[in-house]
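Structure, as structure tokens:
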Amino acid sequence: MKLKSVYVCSNCGETSPRWMGRCPSCGSWNTMNEDVVAEAPKAGTPAARQAAAARQEGVTTLTARRLSEISTTEEKSRILTGISELDRVLGGGIVLGGVVLLSGEPGVGKSTMLLQLCGAISNQHSVLYITGEESVRQVKLRAARLKVPQDNIFLAAENDVDEICGLIEKEKPDLVVIDSIQTMRCMDISSSSGTVSQVKESAARLLAVAKKQEIPMFIVGHVNKDGAIAGPKVMEHIVDTVLYFEGDKMLPYRILRAAKNRYGSTNELGMFDMTGTGLAEIENPSQMLLEGRPLGVSGNCVACTMEGSRPILSEIQALATKTNFPAPRRACSGYDYNRMNLLIAVLEKRAGYFFGNLDVYVNIVGGIALRDTACDLAVCLSMVSSLLDRPVSDKLIAIGEVGLGGEVRSVPNLEQRLHEAERIGFERAVIPKHSLAHLNAADYPGMKLVGAAYIADAINALKNDRL
């Protein structure tokens, strides 16, 4: 068997016989990596004729099932993990035969979460844990630290994909965990572990076994220096669910997001707290994110964002101070930089508050990233509060999108946001004025609703202390 070197794009899988700085297919830079593959036999040679067997018409081993005969009941098609935050992100539990790709930065807690998952379902289901990065003794030590049940969890340290597939077909467990796909290797492919061809072929073979045996499988994937999943993009396409485990190493909590989910919403979010005994669920993230916030300090305002079907309250901090540079500095953490500049322009043009000679900093407390435009009004109030050095009321929440004309526009799921704010203890809410007609004030007995048609209306009320 003759071998040859090819260059494969790690982003789209495009191949080239020579190295190129830019992929000709997807246009990404520095993604062409060298790989060694077997050279295909030339057409017309005996080897090529032997490899390409003629297909006989009408001859197949496949059988088709009637769609109405396939079971779709939840109790037969899903496994509840018992970890409510994980079940929420997965769309209601683990689907039989589903393949989930879990990715995240090194040390964020991927292996810890999966080992806790194994322990949570091992009371009623058998689990096969395949480790390619650690020895079975190391996994045993971590399991003892996390105090997970161990009787129904089976361990194997192996890198050969064909051996792993054979073990899965032999044991037929209820759940399989592969940690990680970058350490797996197909022995009939000459390249080393972690290369594009190895990762793609290993994922395809594991996927085929999971679908045929209807065994759910979790696969751990590494990330590259840009934060994307290492390996070919096709790996994300063939799996059913792609989860990202995020979190700052300096902060105790972790966020689980779904980038792709064939069986549920991709907008759901799960939050965990990293403790000495593993990951603990955070069932009330709003209370956690607002703990310890300063009272009576200018530049602070609370917003409400929707993560799937869950409203989450978050504190927004803004600081406007005199600049020492020729061009004022703008910086934000957890908020879109261009959106902040847009809101500053709206405040200057429509409300008459000038930030031209001021540095402006916006920070979302807790490290969570806000992408919801319903936070626009709270960001504007926090910046003006810092500019005027006038605190926003500690019992006030602002919800609304700000347009280029300075108008405060309606946002979706306003009722859910208000109920969450009332539950936490907020007494007043600034919302779009025309949304008041669609709300019943009796539904919010502990909260006063204040309508604002334009951003200037909300700021004037703030200046007159009527908020």
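T323 places none of its side-chain heavy atoms less than 4.5 Å from the side chain of L358. When side chains are defined from C-beta on, I130 counts as touching L167, because their heavy atoms get closer than 4.5 Å. Residues S385 and N300 fail the side-chain proximity criterion, which asks for heavy atoms closer than 4.5 Å. Side-chain contact between L319 and V360: absent, with no pair of heavy atoms (C-beta onward) separated by less than 4.5 Å. Residues F355 and M383 meet the side-chain proximity criterion, which asks for heavy atoms closer than 4.5 Å. You'll find the side chain of L279 stays beyond 4.5 Å of the side chain of D273, heavy atoms only. Two residues are said to be in side-chain contact when any heavy atoms from C-beta on lie closer than 4.5 Å; S28 and R22 fail this criterion. Contact of the E268 side chain with the E307 side chain is not registered, since no non-hydrogen atoms from C-beta on lie closer than 4.5 Å.
Closest approach of F245 to G109, counting heavy atoms only: CE2-O, 3.5 Å. Here the shortest heavy-atom pairing between Q198 and S191 reads NE2-O, 2.8 Å. Taking each heavy atom of P173 and L128 in turn, the nearest pair found is CG-CB, 3.7 Å. Nearest approach of S382 to I316, heavy atoms of both residues: OG-CG2, 3.7 Å. Heavy-atom minimum distance, L243 versus L90: CD1-CD2, 3.9 Å. Scanning all heavy atoms of the two residues, the minimum distance from C304 to C375 falls at O-SG, 4.2 Å.
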Determine whether D359 and T321 satisfy the following criterion, side chain to side chain donor-acceptor pair (under 3.5 Å), listing intermediate values before the conclusion. CA-CA 5 Å; D359 293 335; T321 181; over 6 Å; no
Walk me through whether S126 and N152 qualify under side chain to side chain donor-acceptor pair (under 3.5 Å). CA-CA 5 Å; S126 60; N152 218 12; 5.4 Å; no
Check the pair V411 / I399 against side chain to side chain contact (heavy atoms under 4.5 Å, CB included), numbers first and verdict last. CA-CA 8 Å; V411 297; I399 304 171; 3.7 Å; yes
As a quick check of understanding, evaluate side chain to side chain contact (heavy atoms under 4.5 Å, CB included) for V220 and I178, giving each step before the final call. CA-CA 6 Å; V220 176; I178 306 294; over 6 Å; no
Applying side chain to side chain donor-acceptor pair (under 3.5 Å) to H222 and E105, what does each step give before you reach the verdict? CA-CA 7 Å; H222 296 170; E105 293 286 341; over 6 Å; no
May I have the step-by-step check of side chain to side chain contact (heavy atoms under 4.5 Å, CB included) for L343 and V402, ending in yes or no? CA-CA 8 Å; L343 295 177; V402 177; 4.0 Å; yes
Please assess V362 against Y337 for the test side chain to side chain contact (heavy atoms under 4.5 Å, CB included), listing each intermediate value before the final yes or no. CA-CA 9 Å; V362 173; Y337 175 78; over 6 Å; no
Where do S193 and T183 land on the side chain to side chain donor-acceptor pair (under 3.5 Å) test, with the steps shown first? CA-CA 6 Å; S193 301; T183 60; over 6 Å; no
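Between R142 and E134, at least one side-chain N (NZ, or NE/NH1/NH2) sits under 4.0 Å from a carboxylate O, which counts as a salt bridge. A salt bridge is defined here as a Lys NZ or Arg NE, NH1 or NH2 lying under 4.0 Å from an Asp or Glu carboxylate O, and R205 with D188 meets this definition. By the 4.0 Å N-to-carboxylate-O rule, R310 lies close enough to E85 to be salt-bridged with it.
Few gaps surround CZ on R145; more than 12 heavy atoms of other groups in view lie less than 6.0 Å from it. At most 12 non-hydrogen atoms from other residues, nucleotides or ligands lie less than 6.0 angstrom from CG of L404. Enclosure of atom NZ in K211 by more than 12 non-hydrogen atoms of other residues, nucleotides or ligands within 6.0 angstrom is indicated.
For the pair K212 (side chain) and V209 (backbone), a donor-acceptor distance under 3.5 Å is absent. Looking only at distances, no side-chain donor or acceptor of R350 sits under 3.5 Å from a matching main-chain atom of I455. Although no hydrogens or angles enter the test, the distance criterion places no donor-acceptor pair under 3.5 Å between the side chain of N413 and the main chain of Q416. Panel note: side chain N159, backbone R185; no donor-acceptor pair is recorded below 3.5 Å. The closest donor-acceptor contact from the side chain of S286 to the backbone of L313 lies under 3.5 Å. E163 contributes no side-chain N or O that, together with a main-chain N or O of D160, makes up a donor-acceptor pair within less than 3.5 Å. Side-chain atoms of E236 do not come within 3.5 Å of backbone N or O of V234 as any donor-acceptor pair. Remark: the backbone N or O of T241 is not paired with any side-chain donor or acceptor of N261 at under 3.5 angstrom. Judged purely by atom type and a 3.5 angstrom limit, R257 has no side-chain atom pairing as donor or acceptor with the backbone of T266. Side-chain N or O atoms of K260 include one that pairs as donor or acceptor with a backbone N or O of H237 at under 3.5 Å.
Inspection of the S84 and E281 side chains reveals an N or O donor paired with an N or O acceptor under 3.5 Å. A donor-acceptor pair shorter than 3.5 Å can be found between the side chains of D179 and S111. Side-chain contact, D240 with Y263: a donor N or O sits under 3.5 Å from an acceptor N or O. When only modelled atom types and interatomic distance are considered, S180 and E133 share a side-chain donor-acceptor pair under 3.5 Å.
Within the model, atoms CZ of F218 and NZ of K110 stand 14.5 Å from one another, a figure rounded to the nearest 0.5 Å. From T195, atom OG1 reaches atom CD of Q182 across 10.5 Å, with rounding to the nearest 0.5 Å. Atom-to-atom distance recorded for D376:CG and R409:CZ is 11.0 Å, nearest 0.5 angstrom. Going from atom CD1 of I364 over to atom OH of Y335 covers 7.5 Å, rounded to the nearest 0.5 Å. Note: D162 CG to L206 CG = 9.5 Å, rounded to the nearest 0.5 Å. Taking SG of C332 as the reference point, atom CG of N341 lies at 8.0 Å (rounded to 0.5 Å).
Screening V242, I219, I181 for a side-chain contact (heavy atoms from CB on, under 4.5 Å) with M235, the sole residue that qualifies is I181.
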